[in-house]
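Keep in mind that what you see is a predicted model, and the values were worked out from it rather than measured. Labels below follow one simple rule: chain letters A, B, ... track the order of the sequence lines, proteins then strands, and each chain is numbered from 1.
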Amino acid sequence: MSAPTLAPPAQQPPTEPRSETRRERRRRERLEERDATIPVELYGLKRGTVSVLTACCVLFALFILAPVAWVIINSTKTQANIFQSFGFWFASPFEFFHTFANLFRDVDGDGTYSNWFLNTVLYSVVGGVGATVLAALGGYGFARFEFRGAKLLFGIVIAGLLVPITLVAVPLYLAYAKVHLINSIWGMILPSMVTPVGMYLMRTYVELSIPRELTDAARIDGASELRIFFRIALPLMVPGLMTVLLLSVAGTWNNYILPLIIFSNNTLFPVTVGMSLWSQHAGNSGDNNLYPLIVTGGLVTIIPMIALFALLQRYWRGGLLLGSVAN
Amino acid sequence: MSAISLEKLTKVFSTGVRALDGLDLEVNDGEFVVLVGPSGCGKTTALRMVAGLETITEGTVRFGDRVVNDVSPRQRDVAMVFQNYALYPHLSVAENIGFALTNKKIPKAERDQRVRSAAATLGLSGLLNRKPAHLSGGQRQRVAMGRAIVREPSVFLMDEPLSNLDAKLRVQMRSEVLRIHNAIGAATLYVTHDQVEAMTMGDRVAVLYGGVLQQYATPRELYECPANLFVASFIGSPEMNLYEASVADGELVLGSQRLALGGTETVVASYRGRKVIAGVRPEDLELDTAGQAETAGRAGQATLATDVLIVEPLGSETHVFFAIDAPAVGASTLAAAAGETEAGMLAGPAHNGVARCDPRSAVHPGQRVTFRVRPERLHFFDPDTNAAIR
């Protein structure tokens with residue numbers, strides 16, 4: 001193996017950037033990236049150390065990814081094959097499309113996967129968007145305005161970070177019963193709109209990424225506080241907002257405890273609770289062919305989250321402030 | 001009537017820091033007033049209080065005869081240019097300039113017309129659709145100006161608007177800013193730490209130090225009759241040469257040398273036999289090239305003999321650094337007294353004076369020279385109060 005060397009200074013990109021095809025651009029970017037890579041020796045690390053650390057990372061990745069692989073593989077199997085064939089390889093017949101189609105039919109009158117899936121989408125979208133809006137407003141407020149009790153209030157928000165929902169399950173249930181939020185979609189959505197993490201993130205984000213001069217300038221320019229927020233601050237908060245949106249949508253999407261406590265009506269279940277209901281049924285009587293549906297249903301459930309992550313990724317970019325303030 | 005008047009304006013921060021202490025200042029209609037002072041002197045705080053971005057601890061801010069202490073910035077109708085421009089990065093140049101007009105709900109047609117004319121004034125016409133990220137530093141500065149002038153404000157505030165430009169552009173923009181000021185004629189309060197900017201731009205200049213107004217006068221008056229030691233050493237570059245001296249027998253005793261005071265003696269008459277601080281501007285030290293000391297003495301001029309240490313030819317003039325045996329008092333001494341000297345200033349240079357000489361004078365380090373001084377060009381300050389003796 002030849003020892004890596006320091007890269008020569010990066011070449012100027014070929015003159016006419018317009019004439020560059022996509023393929024050429026990718027090639028150039030790859031080469032530039034290689035030039036920018038600093039060999040491990042320059043970090044003061046030994047090759048051996050790096051190899052060991054890499055091996056550890058690979059093992060850890062396998063540990064995390066193995067269940068996902070298992071779900072993908074077994075979503076193609078019949079119930080019999082799920083239990084009898086080797087877990088990490090395919091077996092015929094290839095049943096994925098069959099199971100996938102079945103998934104969206106009413107299985108045993110308990111309500112259907114499609115029903116639960118739409119519930120999950122509803123709770124997550126309304127809860128997640130609401131959480132993001134509230135976190136943005138609250139975080140901006142804490143970051144930009146001085147008011148009496150701000151410290152105390154923010155302390156309470158932070159304290160909210162530390163309270164697990166399992167701890168408040170019983171009081172929450174009792175309180176919900178009093179205000180008729182048991183078996184109501186609002187019982188699910190309202191708590192999902194409260195995100196101490198989101199508010200904390202937004203406050204920090206505003207403090208670090210929106211220069212005070214910018215809001216001062218808008219104030220001098222005669223903008224109302226609301227207009228400053230929506231027209232000036234919000235566009236610059238987009239990367240932070242996307243983080244909060246993803247966290248809160250995923251949080252609601254995966255929420256199990258809250259809907260378990262507040263819903264007794266099957267038609268209101270989100271996927272998480274519905275699938276566990278299926279699990280119970282499957283466990284009680286082994287011959288109702290529910291296992292392929294559970295495995296495939298699980299797979300289908302994570303796809304929107306992956307898609308959302310891929311979609312929002314392009315908003316995580318720096319340079320939003322470029323040209324705004326000179327330093 | 002003055003466009004802006006500040007009365008006993010005071011700012012005490014909650015940390016107890018007294019940033020501004022009883023500032024009285026009047027800015028007349030159409031006047032260009034510069035607030036100048038070293039960093040931390042309270043000039044930006046004063047400006048932000050006028051803008052309404054900072055609460056007022058004590059005192060009043062008036063626009064015309066209207067007290068605006070409790071008026072929000074959006075209702076004060078002031079325009080402000082920020083030190084770091086603070087452009088809205090996601091808006092185009094046109095939207096940046098027109099933002100204030102949109103807030104005032106001015107119809108689109110009029111808004112466009114005003115934005116275009118402001119852009120034309122500033123030479124930004126071709127850039128209206130660009131985002132700030134795609135502008136040069138100078139262009140961004142112009143957009144910041146444009147955002148202010150488009151409003152046709154009655155009060156114009158600028159917080160070190162040129163300090164982020166490179167030296168050449170800064171000089172260019174100085175006259176540009178003045179041209180715009182003359183065109184719109186609004187009362188302007190301009191903050192800078194650069195005394196050259198203050199001298200070249202201000203109709204009147206207010207020198208602040210430690211939150212206290214030191215002197216408020218025309219640039220000429222500041223230069224020729226500084227009210228105190230701080231103004232004397234702050235205004236002018238190179239700095240005024242200041243020494244501890246004493247007055248005796250119609251002469252100024254400067255270390256081992258004696259300078260005949262002539263008619264100027266009456267100014268310091270009451271200081272006879274006491275210490276004073278004597279100052280002389282570098283250009284008031286005339287290099288005596290051909291041994292005219294005798295004739296100088298007869299013409300009522302004092303002379304100062306010294307050894308040249310360093311010669312700095314600047315092309316248009318030459319700075320000659322020298323040392324005399326009188327203890328120097330300078331800005332750095334003042335700063336040291338205020339506890340803000342910068343890391344002891346390395347090992348202090350051995351010279352304690354500078355003269356501004358003709359570039360053609362053949363002076364070289366090590367040479368013994370004589371400077372002629374006209375006594376009426378000497379400045380005197382009380383060593384206890386630092387106030388000028390007149």
Check: Glu152(B) and Ile184(B) side chains under 4.5 Å, non-hydrogen atoms: no
Kindly indicate, with the supporting measurements, whether the criterion side-chain contact (heavy atoms from CB on, under 4.5 Å) is fulfilled by Phe156(B) and Val81(B). CA-CA 8 Å; Phe156(B) 215 128; Val81(B) 180; 4.0 Å; yes
Considering residues, nucleotides and ligands other than Arg27(A), do more than 12 of their heavy atoms fall under 6.0 Å from its CZ? no
Cut-off 4.5 Å, heavy atoms of chain A, and the answer for Glu95(B) is side chain
Which members of residues 202-223 of chain A, sorted by number, sit under 4.5 angstrom from chain B on a heavy-atom basis? Glu213(A), Leu214(A), Asp216(A), Ala217(A), Ala218(A), Arg219(A), Ile220(A), Asp221(A), Gly222(A), Ala223(A)
Return the minimal non-hydrogen interatomic distance between Asn164(B) and Asn84(B), and the atom names on each side. ND2-CA, 3.8 Å
Could you name the residues of residues 229-252 of chain A that have a heavy atom within less than 4.5 Å of a heavy atom in chain B? Arg231(A), Ile232(A), Pro235(A), Leu236(A)
Is there a side-chain contact between Gln172(B) and Leu165(B) (heavy atoms, below 4.5 Å)? no
Given that the side chain runs from C-beta out, which part of Phe82(B) has a heavy atom under 4.5 Å from chain A: side chain, backbone, both or neither? side chain
Above 12 or not: heavy atoms from other molecules or residues under 6.0 Å from OH of Tyr315(A)? no
Which portion of Ala148(B) sits near chain A, non-hydrogen atoms under 4.5 angstrom: neither
With a 4.5 angstrom heavy-atom cut-off, could you sort out which part of Leu53(B) is near chain A: side chain, backbone, both or neither? side chain
Is any side-chain heavy atom of Val68(B) closer than 4.5 Å to a side-chain heavy atom of Val78(B)? no
Side-chain donor-acceptor contact under 3.5 Å, Thr102(B) with Lys108(B): no
Out of the candidates Val157(A), Ile158(A), Leu134(A), only one should pair with Met199(A) under the side chain to side chain contact (heavy atoms under 4.5 Å, CB included) rule; please name it. Val157(A)
Region of Leu91(B) in contact with chain A, defined by heavy-atom distances below 4.5 Å: side chain
Could you tell me whether Glu29(A) and Arg25(A) make a salt bridge, using a distance below 4.0 angstrom between a side-chain N and a carboxylate O? yes
Top of Pro153(B), Ser72(B), Ala100(B), Ala51(B) for chain A proximity - count of heavy-atom pairs under 4.5 angstrom: Ala100(B)
Under 3.5 Å, side chain of Arg140(B) to main-chain N/O of Pro132(B), donor-acceptor pair present? yes
For the OH atom on Tyr43(A), are there more than 12 heavy atoms of other groups (residues, nucleotides or ligands in this structure) within a distance under 6.0 Å? no
Top contributor to chain A interface from Lys104(B), Gln75(B), Arg48(B) [non-hydrogen pairs under 4.5 Å]: Arg48(B)
Heavy-atom neighbours of Glu33(A) CD exceed 12 at 6.0 Å: no
